[in-house]
Amino acid sequence: MQLHSQLDVFRGKNVLITGGLGFIGSNLAIRLVELGANVTLMDNMLPGHGGNLFNIEPIRQRVSLTFSDIRDANVMNYLVKDQDYLFHLAGQVDHITSLTNPYPDIDINIRGTATVVEACRHHNPAIRIIYTGTRGQYGEQVKLPVDENAPTTPKVLEEISNLTAEKIVHMYSLVHDIRCVLLRLTNIYGPRGQMQHSRYGVVNWFIRQALDNRTIKVFGDGQIKRDLLYVDDCVDALLAVAIEEKAYGEIFNVATGVPVSFVELASTIVDVSGSGRWEFAPFSPERKAQEPGDFYADITKIKTVVGWQPRVSLRDGLSTTVDYYRQHTKAYWNSDEQQPTTGPIQELNI
């Protein structure tokens, strides 16, 4: 049976999305509304994290929306009641904040996630939780592709806090019988991502550079590799694991399994955009210290257990993304404004 027909199970279901006005959350919300779900979005509009009302413009009158914070226990206790599914996407994802101020990672990602699962334990233990972490939880790897059994040696506190949050959710599954799926997402790109700065979301930032007819900086020899997944494929994965009973209690990579060098990425973006250019740039000591090296994931487990695999090629995904931002530039950035200063430590290309 095809995934789209299986997704009929969401019709009439109550779904809560934390971080619902952000990049992945808004794309997920649109799909769920199309599937007939009753969707509630919560977002605290943390500056620099991509929360944007324009992201849900196609469904704005068809969702419930609350501007609130996952750290607020009273709010979470209320919101989880009567929900069938909870997609927990909210978090502190800014690598630069993580390097300069450790407390938001600890407070939002760890304490916030604990608040979410505690609310579920006390007020809706039958809920199904889909938690999204990051491939950064693996840190630097010596064996590629990286499967779910690889060691987790993250370098940055943001990634450490995501790993801790994942372990908290998993503990609630084991000890309190709260059903959950744990996902480690690779580099996601596509429409509705934040385009204001380069502190995370390297693909979308490269696209902004091209659309502004600026120069994309590629560090070193440009041969460092990443695994790049289009957001629609990511949404498909989120939905697919949510309806697969065998997925609960498990950890899955969500990726393409295909390595792409930064030279290939930059040159493809320039070609697809028909504007901009790219050039090599030297590593700074700070940038090099944060670089985790090549990464691409083994997605055998999610393909086997869930039956999901990506469908969108890099070129097609980039083309759709370029078209979206070209059409809606003003909703995401002012092309005439001076771009944020991006020193060597800021352009992490994570």
Side-chain angles (χ1 to χ4, degrees), residues 7 9-22 24-26 28-29 31-33 35-46 49 51 56 59 62-93 104-133 161-183 235 238-252:
L7 296 179
V9 300
F10 285 108
R11 187 169 301 280
K13 292 294 193 297
N14 299 324
V15 181
L16 173 63
I17 303 174
T18 69
L21 291 180
I24 298 173
S26 59
L28 174 63
R31 284 288 303 282
L32 282 165
V33 168
L35 291 167
N38 305 312
V39 178
T40 299
L41 306 178
M42 69 174 298
D43 205 299
N44 73 347
M45 302 300 283
L46 191 66
H49 280 62
I56 61 165
I59 57 167
R62 301 166 65 188
V63 296
S64 299
L65 174 61
T66 174
F67 295 102
S68 50
D69 196 300
I70 59 172
R71 293 167 289 182
D72 188 325
N74 290 327
V75 169
M76 288 311 311
N77 293 344
Y78 174 77
L79 288 178
V80 301
K81 292 178 181 178
D82 301 318
Q83 299 292 338
D84 297 298
Y85 296 91
L86 165 58
F87 292 89
H88 181 28
L89 307 178
Q92 199 300 105
V93 297
D105 292 292
I106 296 167
D107 195 37
I108 298 172
N109 296 347
I110 298 176
R111 186 168 75 88
T113 295
T115 304
V116 170
V117 290
E118 265 292 278
C120 294
R121 179 167 80 93
H122 289 290
H123 298 281
N124 188 356
I127 199 170
R128 296 166 181 252
I129 302 174
I130 294 81
Y131 171 77
T132 56
S161 65
N162 277 321
L163 180 61
T164 304
E166 177 190 274
K167 290 183 179 296
I168 290 170
V169 177
H170 195 205
M171 181 273 287
Y172 272 73
S173 172
L174 296 175
V175 177
H176 301 299
D177 202 28
I178 303 295
R179 285 177 291 184
C180 67
V181 186
L182 308 166
L183 303 180
V235 167
L238 292 170
L239 297 174
V241 299
I243 63 172
E244 177 51 68
E245 288 295 332
K246 292 181 291 185
Y248 283 86
E250 298 291 336
I251 297 171
F252 296 100

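- The number of heavy-atom neighbours closer than 6.0 Å to CG of Asp177, taken from other residues, nucleotides and ligands shown, is 12 or below.
- Defined by atom type and a distance below 3.5 Å, a donor-acceptor pair is present between the side-chain atoms of Asp105 and Gln92.
- With hydrogens and angles disregarded, a donor-acceptor distance shorter than 3.5 Å links the side chain of Asp43 to the backbone of Leu21.
- Considering only heavy atoms from C-beta on, Leu239 comes within 4.5 Å of Leu35 through its side chain.
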Derivation and outcome, side-chain contact (heavy atoms from CB on, under 4.5 Å), residues Met76 and His123 = CA-CA 9 Å; Met76 288 311 311; His123 298 281; over 6 Å; no
request  = Carefully, step by step, assess Arg128 and Glu245 under the rule side-chain contact (heavy atoms from CB on, under 4.5 Å).
outcome  = CA-CA 10 Å; Arg128 296 166 181 252; Glu245 288 295 332; 2.7 Å; yes
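- Across every non-hydrogen atom of Gly22 and Ser26, the tightest pair is O-OG, 2.6 Å.
- Just one of Thr18, Leu32, Leu16, Ile24 meets the side-chain contact (heavy atoms from CB on, under 4.5 Å) condition when paired with Phe87; it is Leu32.
- Classification of Arg111 and Glu118 as a salt-bridged pair fails, no side-chain N sitting under 4.0 Å from a carboxylate O.
- Judged purely by atom type and a 3.5 angstrom limit, Asp84 uses its side chain to pair as donor or acceptor with the backbone of Asn14.
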task = Evaluate the side-chain contact (heavy atoms from CB on, under 4.5 Å) criterion for residues Leu79 and Gln83: first the C-alpha distance (whole Å), next the side-chain angles of each, then the deciding distance (0.1 Å), finally the verdict.
result = CA-CA 8 Å; Leu79 288 178; Gln83 299 292 338; 5.8 Å; no
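- Closest non-hydrogen pair, Leu41 versus Ala29, comes out as CD2-CB, 3.7 Å.
- Distance alone, capped at 3.5 Å, is enough to place a donor-acceptor pair between the His49 side chain and the Val93 backbone.
- Smallest separation of non-hydrogen atoms from Ile130 and Tyr85: CD1-CD2, 4.3 Å.
- Judged by a 6.0 Å distance limit and a 45° cone about the ring axis, Arg121 is not positioned over the six-membered ring of Tyr172.
- With rounding to the nearest 0.5 angstrom, the CG atom of Leu182 is 9.0 Å from the CD atom of Glu250.
- Asp69 places no side-chain N or O within 3.5 Å of a backbone atom of Asn44 that could act as its donor or acceptor partner.
- In this structure the side chain of His88 reaches within 4.5 angstrom of the side chain of Ile70, judged on heavy atoms.
- Contact between Cys120 and Leu86 at its shortest, heavy atoms only, is SG-CD2, 3.8 Å.
- Between the CD1 atom in Ile108 and the OG1 atom in Thr115 there is a gap of 11.5 Å [rounded to 0.5 Å].
- For the residue pair Ala242 and Phe10, the shortest heavy atom distance occurs at CB-CZ, 3.9 Å.
- Interatomic distance, Thr113 OG1 to Glu166 CD, rounded to the nearest 0.5 Å: 10.5 Å.
- The two residues Asn109 and Gly91 have their closest heavy-atom pair at OD1-CA, 3.3 Å.
- Enclosure of atom NZ in Lys167 is not indicated, since only 12 or fewer non-hydrogen atoms of other residues, nucleotides or ligands lie within 6.0 angstrom.
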task = Under the side-chain contact (heavy atoms from CB on, under 4.5 Å) rule, what do Ile168 and Val117 come out as? Steps first, then yes or no, please.
result = CA-CA 8 Å; Ile168 290 170; Val117 290; 4.0 Å; yes
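- Under the 4.5 Å side-chain criterion, counting only non-hydrogen atoms from C-beta, Ser161 is not in contact with Ile106.
- The distance from atom CG of Asn124 to atom CG of Asn77, rounded to the nearest 0.5 Å, is 11.0 Å.
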